[in-house]
Amino acid sequence: MVLLRKSEDFSILPHSSSAKASMMRRLSPSQMSGAGLGIAAISYVAVDYMRYVSPWGHSRLQPVLWSVLVLAVVTRVPFYKHWSKELRAAIPFLASIFFLLGALLFEALCVRSVTAVLGLDWHRDTSPLPDTGQWFLLALNESLPETIVEILRAHIIGLHHFLMLFVMLGFSVVFDSVKAPGLGLGARYIFTMGLGRLLRAITFVSTILPSARPWCASSRFNNVPSHPHRWAQKYYVPYAKDPSAIRQLLHWDAAYADPGNYIGDYRADWGPMSFLSDFLRPSYSEGSSWFALLKKAGGGCNDLLYSGHMLVAVLTAMAWTEAYGGFSSALIWLLVAHSAQREIRERHHYSVDCVVAIYVGILLWKMTGFIWSNKRKSKQTVRLEKIQNGLIHAAKDSDMESVRRLVEEMEVSLGEEKQSGVVSKRAMTVFACATVITTLGIVVLALTLTSDG
């Protein structure tokens with residue numbers, strides 16, 4: 001009877017804990033912690049936009065807002081309970097940073113190359129592509145009230161805003177607004193962005209498209225040679241404007257035309273990296289360092305399919321939607337839409353660049369859930385749930401031998417989890433301080449490098 005009573009009591013516990021877990025699952029972290037993060041995000045965007053409306057108010061409110069946000073995070077850091085999870089996520093986070101840096105370096109090489117390969121004369125003489133999205137926005141300007149048109153034209157949000165919104169999302173783990181570890185979320189965001197930039201560079205370097213701003217190359221890359229690269233002189237120029245020449249090219253499947261004497265380029269002496277001179281086409285005045293040349297590339301002066309700005313915006317919106325949710329996620333998606341129409345309206349990109357960036361960003365985020373996911377359960381949780389289900393069935397069958405075995409497995413599993421999280425307090429404190437300082441340093445650097453868009 002005693003054993004039976006114990007088995008009956010034990011059968012109640014799993015149901016009770018299961019009900020409690022079910023109840024907790026119904027309440028998302030954002031619901032339990034209130035709308036503080038959403039209010040902070042809206043305040044950040046609104047205060048920063050005041051630089052256009054009221055510079056005096058902006059200069060006074062922005063330092064106050066930043067001070068409040070930083071103090072709120074710093075005061076919560078000592079009470080954060082998931083530093084062991086952050087420690088396990090540190091290596092993937094650092095690896096994702098190096099991957100992103102490599103992708104950005106490759107992208108910068110491709111940007112300079114596609115801008116320089118056809119020469120400045122091609123940029124001056126080639127008309128922009130017809131874009132129905134641009135036509136649609138111009139038509140809206142004629143039919144919508146002036147107030148709405150001005151809102152659509154307003155510089156409400158930019159690249160650095162979306163980066164900062166993600167930083168706020170990542171730091172909100174200290175308030176339990178987002179599932180820990182924050183470095184895991186950051187690793188997924190940075191790795192996905194690096195993957196997106198890599199695919200973007202491969203895409204726009206494959207087919208060279210003219211810029212929607214024909215004057216761009218002359219104003220920003222005035223040191224690029226006017227004539228095409230020797231490859232373009234042989235394989236593109238003789239066939240570019242002659243339909244019969246293209247027919248012959250298709251028939252022979254060989255570059256049959258005589259390009260004449262090639263116009264040569266200056267070759268920079270960059271030591272082991274001198275081979276890049278063929279791709280970057282530096283002039284004598286800018287040929288001292290290949291890396292300094294890449295820093296001037298910026299966004300390039302071709303149409304770069306797809307939009308890098310929109311990729312960042314979509315990844316921020318996807319991260320916010322999965323990790324936090326709520327009304328603020330809907331607001332961020334509205335800001336993404338506003339940013340997209342501004343990219344098209346101001347001719348930074350064609351419509352196709354923004355459309356492709358949106359669905360590529362969504363698909364890439366869905367593909368990288370193995371790094372961090374708000375829905376994915378840890379191995380330990382899955383193991384404990386299996387033991388719990390086994391306990392329920394064993395208790396119902398009054399199989400006390402199985403109950404004892406499963407209880408022992410649970411104790412061992414919990415012991416392993418506790419042992420794996422044991423790190424000296426001093427080491428964890430050092431790691432926590434280093435994480436906060438390093439992350440803030442990365443944030444400042446990212447905002448500095450993207451402050452000009």
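Note on ring orientation: taking the six-membered ring where Trp is involved, the planes of H82 and Y80 are perpendicular (angle over 60°, cut-offs 30° and 60°). Below 30°, between 30° and 60°, or above 60°: for F279 and W231 the angle between ring planes is above 60°, a perpendicular geometry.
In this structure, NE2 on H229 lies 6.0 Å from CZ on R281, to the nearest 0.5 angstrom. Here the OG1 atom belonging to T207 is positioned 6.5 Å from the CG atom belonging to L209, to the nearest 0.5 angstrom. For the atom pair Q341 CD and L152 CG, the distance stands at 4.5 Å (nearest 0.5 Å). Here L37 contributes atom CG and S329 contributes atom OG; the two are 9.0 Å apart, rounded to the nearest 0.5 Å. For the atom pair E146 CD and N141 CG, the distance stands at 8.0 Å (nearest 0.5 Å). If you take OH on Y44 and CD on Q62, they are separated by 8.0 Å, rounding to the nearest 0.5 Å.
Judged by distance alone, the side chain of R342 and the main-chain N or O of I157 form a donor-acceptor pair under 3.5 Å. For N302 (side chain) and L304 (main-chain N/O), no donor-acceptor pair under 3.5 Å exists by modelled atom type. A distance-only check finds no donor-acceptor pair linking the side chain of R197 to the backbone of L100 [under 3.5 Å]. Side-chain atoms of S177 do not come within 3.5 Å of backbone N or O of V173 as any donor-acceptor pair. Of the possible donor and acceptor atoms, one in the side chain of T192 sits under 3.5 Å from a partner among the backbone N and O of R188. Between the Y350 side chain and the L305 main chain, no donor and acceptor come within less than 3.5 Å of each other. Between the T316 side chain and the V312 main chain, a donor and an acceptor come within less than 3.5 Å of each other.
Here the shortest heavy-atom pairing between L165 and W320 reads O-CZ3, 3.0 Å. Of all heavy-atom pairs spanning A357 and Y306, the tightest one is N-CB, 3.8 Å. The minimum heavy-atom distance between V111 and T115, with the atom names listed, is O-OG1, 2.9 Å. The nearest pair of heavy atoms linking Y239 to A257 is OH-N, 3.0 Å. Closest approach of A180 to E86, counting heavy atoms only: CB-OE2, 4.4 Å. Heavy-atom minimum distance, A116 versus V224: CA-CG1, 3.8 Å.
For the 3.5 Å distance criterion, the side chains of T126 and W122 qualify, holding a donor opposite an acceptor.
Residues V314 and V336 have side chains in contact (heavy-atom distance under 4.5 Å, counting atoms from C-beta outward). Counting only heavy atoms from C-beta outward, the side chains of F162 and L311 never approach each other to under 4.5 Å. Between H348 and S307, every side-chain heavy-atom pair lies at or beyond the 4.5 Å cut-off. Side-chain atoms of L140 and L137, non-hydrogen and from C-beta on, do get closer than 4.5 Å to each other. In this structure, the side chains of E343 and D353 stay at 4.5 Å or more apart for every pair of heavy atoms.
Pairs passing the disulfide bond (SG atoms under 2.5 Å apart) check and including a residue from residues 195-258, sequence neighbours excluded, read C216-C301.
Other residues, nucleotides and ligands contribute only 12 or fewer heavy atoms inside 6.0 Å of the CG atom of D253.
Of the candidates H161, E346, H338, E346 is the only one forming a side chain to side chain donor-acceptor pair (under 3.5 Å) with H155.
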